Amino acid sequence: MKHSTIPKKFYMRNPKEVAVDLLGKIVTRRYGEKIISGYIVEVEAYYGREDPASRARRGGNLAETMRGEVGVALIYGIHRQWLFNVVAHEKDSVGAVLIRAVHPLKGLELMMKFRGTSNLKELTNGPGKWTKAFKIDKKFHGTPLYLEGGELKITEGLRIEKDRIQYAFRIGVSRDLPTPLRFYIKDDPYVSRRRRNV
DNA sequence: CGCCAGATTGACT
DNA sequence: GTCAATCTGGCGG
């Protein structure tokens with residue numbers, strides 16, 4: 001079954017709305033002749049200067065990217081991980097959506113190879129884990145995700161019922177906004193787990 | 001230029 | 001439970 005890519009204008013909205021609507025969409029990575037794919041099960045929205053947890057606050061290249069063209073990848077390196085975001089915001093605004101976890105569909109063997117583990121449950125259930133499984137790194141920074149022939153793209157996927165969408169405060173941020181900006185699919189085994197006693 | 005902090009993960013006491 | 005690895009940008013903590 002063939003899925004078409006999500007058009008650029010999809011990302012030209014409030015990051016929170018884009019985040020919710022990205023749940024169930026499919027991320028596809030073409031690696032040579034092989035395909036690695038999975039559907040999005042957990043996301044977080046980030047804003048501009050008004051958001052104390054946003055990278056856009058610091059300025060620099062990442063802030064410029066968050067301010068720039070929507071629908072492109074923003075790769076954020078931290079703690080030896082590459083975190084993957086999609087730039088999303090309204091006109092003349094700033095924002096991005098962090099993809100925190102995906103549910104594997106195709107290319108399981110490659111994912112296990114790239115992750116260095118055969119533990120299926122741990123393959124893609126975290127922001128740094130799934131990017132490693134998909135072999136996504138800095139080289140994709142700025143790549144448009146709406147091109148049909150792209151090496152990395154986001155396409156239509158599963159339809160997620162409203163009552164299966166849960167929300168919560170963002171994970172790992174020390175200063176959050178007063179609104180829940182983390183969204184995930186209820187009961188999906190690949191949603192990241194908060195570490196106990198932290 | 002060095003140090004700090006942050007949207008994390010995995011190894012080890 | 002604790003700690004370190006390592007990318008980025010700001011600041012002189």
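Keep in mind it's a predicted model, so treat the numbers as computed, not measured. In what follows, chains are A, B, ... by sequence order, proteins preceding strands, each numbered from 1.
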Distance, rounded to the nearest Å, where A:Lys129 contributes NZ and B:dA7 contributes C1': 15 Å

Across the strands shown, which category fits [X] at heavy-atom distances under 4.0 angstrom: base, sugar-phosphate, nothing?
| X | answer |
| --- | --- |
| A:Arg55 | base |
| A:Arg58 | base |
| A:Arg115 | sugar-phosphate |
| A:Ser54 | nothing |
| A:Gln81 | base |
| A:Asn85 | base |

Polar side-chain atom of A:Arg115 near backbone of A:Glu122 as donor-acceptor pair, under 3.5 Å: yes

With a cut-off of less than 4.0 Å, is there a side-chain N or O of A:Arg100 near OP1 or OP2 of B:dT8? yes

Nearest to the side chain of A:Leu62, heavy atoms from C-beta on, is which of B:dA7, C:dT8, C:dA5? C:dT8

By nearest atom, which of the nucleotides B:dG10, B:dA7, C:dT8 is closest to the A:Leu83 side chain? B:dA7

Could you give me the stems involving DNA chain B, meaning stretches of three or more consecutive Watson-Crick or G-U wobble pairs whose two defining distances are both below 3.5 Å? B:1-6 with C:7-12, B:8-12 with C:1-5

